[in-house]
Number of protein chains: 2
Amino acid sequence: MKALSKSKAATIYEVARHAGVSIATVSRALRDSDLVTESTRARVRAAVEALNYTPNQLGRSLAEGRHAANGIVFPDLTGPYYAEVVLGYEEAASELGRSVLILATHGRRDAEAAVLDLAGRVDGLAVMGNTVGDDTVRSIAATGVPLVLLARPPVDGVDTIRTRNERTAAELAAHLLAHGHRRIVFVGDPEAAPDMAGRYAGLAKTMRAHGLPKPDCRPCSYDVEAGERIGAQLMADPPDAVVCANDEVALGVHLAAEAAGRSVPHDLAVTGWDDVLAARFAGLTTVSQPMRELGATAARWLDGRIAERTAGPERATPRRRVLPTQLVVRRSCGSHPVEIPSPLGGTA
Amino acid sequence: MKALSKSKAATIYEVARHAGVSIATVSRALRDSDLVTESTRARVRAAVEALNYTPNQLGRSLAEGRHAANGIVFPDLTGPYYAEVVLGYEEAASELGRSVLILATHGRRDAEAAVLDLAGRVDGLAVMGNTVGDDTVRSIAATGVPLVLLARPPVDGVDTIRTRNERTAAELAAHLLAHGHRRIVFVGDPEAAPDMAGRYAGLAKTMRAHGLPKPDCRPCSYDVEAGERIGAQLMADPPDAVVCANDEVALGVHLAAEAAGRSVPHDLAVTGWDDVLAARFAGLTTVSQPMRELGATAARWLDGRIAERTAGPERATPRRRVLPTQLVVRRSCGSHPVEIPSPLGGTA
DNA sequence: CGTGGAAATGAAAGCGCTTTCAAAGTCGAA
DNA sequence: TTCGACTTTGAAAGCGCTTTCATTTCCACG
């Protein structure tokens, strides 16, 4: 191996010199342009090999006027929800020849600034949940960077993809009422996120339709520990059913109930949302969401928007989509004709 | 490459013109240099606001000679294992002022090329598990891009972080033997990954120490379905214990056992690895790993290497670290003095 | 008023690459 | 042997930004 002047990476100039050609030729040889002779290409390849050259993508991107990268912003990655979305996004973006930059805002005080910075590094950006405010979203949209909002309240002129919450929550509520449950408590914060608001709304609506009062509401963060805490409080005067904003919380409530000597579903019903793996093993009735598809759809929409943008300046009308969700009935909501063996299994 | 001044993002030139200053001044004003008057800075800020300017990070990075971004390569993101590592990595990198590029190689035939490309987009790269071969690793290392390998066999001269496998597997094996289990089967592929090899080795070693034959080994992919399949086969002639390469597989075997009318742990013991949330609810004995810390450590090491590299060309000796893991005993490995209530709970 | 020196600003040179445009080869036909 | 018509290659102009270095401006002081 040749003596490298420094531990610095080789540039196209060194490859050119080594191969005895110009940088233009190197560039063409590496990009499979048919404008170079086979023999030249071979010489360039040899030089690349010898110098262990890897093109600096910054230079390339700057020259091409595109980052060849997309970004995705999410609050967290604990629990399968966001991870699956990110995975779907990465998979689709990657197929479209784009790298993926991630940004978790969880607990960051400078989230808005970080997102703005990210916007300057990508050709398109997906923003999930309650990570940044509408102002930031609008200001990014104004810079011309294509944007897709996921599971987040829509903003004027910006594409949005969400999952169905209200209708499936209503379905869930109807199921619980059919089990004879009347005193139902919602654990989660309708104010915190539009998804949560929709879930609560669906529940409340169905109860009202049955002449029942608006269900109690216990705001709570979305992990097992928070569920256990709220659950313990509820056990002082257990309701018929506890509808939780997500599975982690529901599993926490489940634990708290058992700890208090109450049996699920005999003494009270508990339901979640997301259908995490653990829900299956805890026999938890929940709602499954097409998370992977959510991410993949975002990546594809962005790709389309980016193409449109380079084609012309006309601003198309914003797209909206609501992906279907599905109720997954297991033991935790009450006894069913065919009981599912403990502690495993479930029905899809 | 048509220059439509319309939907194109604003550049530093337009801001400069709008503010009536040079681009150098704009740059300084935005970077909080103390070389600009307050009044000038205000004028620049106003122009930025008016034009909704966001600096193009490509230009900036190219000029600064750094990407201000790190990459991480992993096979997949299903299950909490990789997700947690990525999260820890992102968190630490983000604190150090670096963005994070992700690349999932799962199922990609052009993984090596994609990783090489990624290497040209970052200042440092973490590579997890069996994503790319040693050749690719060496060739990236040769370009001078700092590299850290995670849960992967070491390569000459490259930093590596792993989690303890063999010793904890031996501990687990001893525990199973203490329960009286003698016929033990390992579900997983020691050939597939060094982590798996370590787990099998620890198990085999302990069994040998007790005068028992080398355990049977059932190669298998690492999801619930694969576990169910292998589990169903095993139920024809159930062993005393099934040691699984990870929790998903163990949960699958668990399901298969129940489906075949066998009870865990009464008829057979089952153990996993990773301590996923579902393991807690299935009462699965498993091993917990510091995944978050694995990722965070990688990010910090890379930051250090990047700093060293810009400081001087001297090549430091590669670092190695093995992070501790912990046996988590629950019901699934056999009856314990204090039985844990079903179907929840566990001991940490 | 004039001056030296500090403070603020501008001009311009890159950073590593792609791509246009022009120049230099190459080859077959006249 | 000479001439076009191609085919290959090279020179150079950016892409958007940072930063050095030179220049201008502004004051305090003589």
Side-chain angles (χ1 to χ4, degrees), chain A residues 5-6 8-44 47-48 51 53-68 117 119-123 143-145 310, chain B residues 1-5 8-44 47-48 51 53-69 117 119-123 143-145 310:
Chain A
S5 51
K6 286 277 193 302
K8 275 295 223 175
T11 73
I12 198 172
Y13 286 91
E14 292 154 47
V15 175
R17 183 145 29 83
H18 194 279
V21 297
S22 74
I23 60 164
T25 301
V26 173
S27 174
R28 285 191 275 252
L30 294 181
R31 320 203 64 212
D32 292 323
S33 152
D34 50 358
L35 283 155
V36 284
T37 327
E38 258 323 305
S39 72
T40 308
R41 194 190 303 281
R43 224 153 9 108
V44 170
V48 165
L51 300 174
Y53 169 71
T54 315
N56 179 329
Q57 301 289 342
L58 279 180
R60 171 177 300 208
S61 290
L62 187 56
E64 287 180 336
R66 52 170 246 157
H67 296 267
D117 176 278
R121 299 172 160 273
V122 298
D123 298 320
T143 66
V145 174
T310 51
Chain B
M1 214 186 306
K2 41 198 65 180
L4 298 172
S5 60
K8 270 290 203 180
T11 73
I12 198 172
Y13 286 92
E14 292 153 49
V15 175
R17 183 145 29 82
H18 194 279
V21 297
S22 73
I23 61 163
T25 300
V26 173
S27 174
R28 284 191 276 252
L30 294 182
R31 319 202 67 214
D32 292 321
S33 154
D34 50 357
L35 282 155
V36 285
T37 327
E38 260 322 305
S39 73
T40 309
R41 196 191 302 282
R43 222 151 13 106
V44 171
V48 165
L51 299 174
Y53 170 72
T54 314
N56 180 328
Q57 301 288 341
L58 279 179
R60 172 177 299 211
S61 290
L62 188 56
E64 287 180 335
R66 51 170 251 160
H67 296 267
D117 176 278
R121 298 172 161 274
V122 298
D123 298 321
T143 67
V145 174
T310 51

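So you know, we letter chains A, B, ... as the sequences are listed, proteins then strands, and number each from 1.
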Whole-Å gap separating [atom2] ([N]) and [atom1] ([X]):
| X | N | atom1 | atom2 | result |
| --- | --- | --- | --- | --- |
| B:R31 | D:dC17 | CZ | P | 12 Å |
| A:H67 | D:dG16 | NE2 | P | 10 Å |
| A:I12 | D:dA11 | CD1 | P | 14 Å |
| A:L62 | C:dG14 | CG | P | 17 Å |
| A:L58 | D:dG16 | CG | C1' | 12 Å |
| A:N56 | C:dT18 | CG | C1' | 13 Å |
| B:R28 | C:dT9 | CZ | C1' | 6 Å |

Contact under 4.0 Å: B:R60 side-chain N or O vs D:dG16 OP1/OP2: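 No.
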Selected nucleotide, minimal atom distance to [X] side chain, candidates [options]:
| X | options | result |
| --- | --- | --- |
| B:I23 | C:dT19, C:dA12, C:dC17 | C:dA12 |
| B:A63 | D:dG16, D:dG10, C:dC17 | D:dG16 |
| A:A24 | D:dT18, C:dT19, C:dC15 | C:dT19 |

Sugar-phosphate only, base, or nothing, as touched by A:V26 at under 4.0 Å among non-hydrogen atoms: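 Answer is nothing: A:V26 stays at 4.0 Å or more from every strand.
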Those residues of residues 34-43 of chain A lying under 4.0 Å from DNA chain C by at least one heavy atom: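 Heavy-atom cutoff 4.0 Å gives no residues at all.
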Ion pair check, A:R17 and A:E14, cut-off under 4.0 Å: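 Salt bridge: no.
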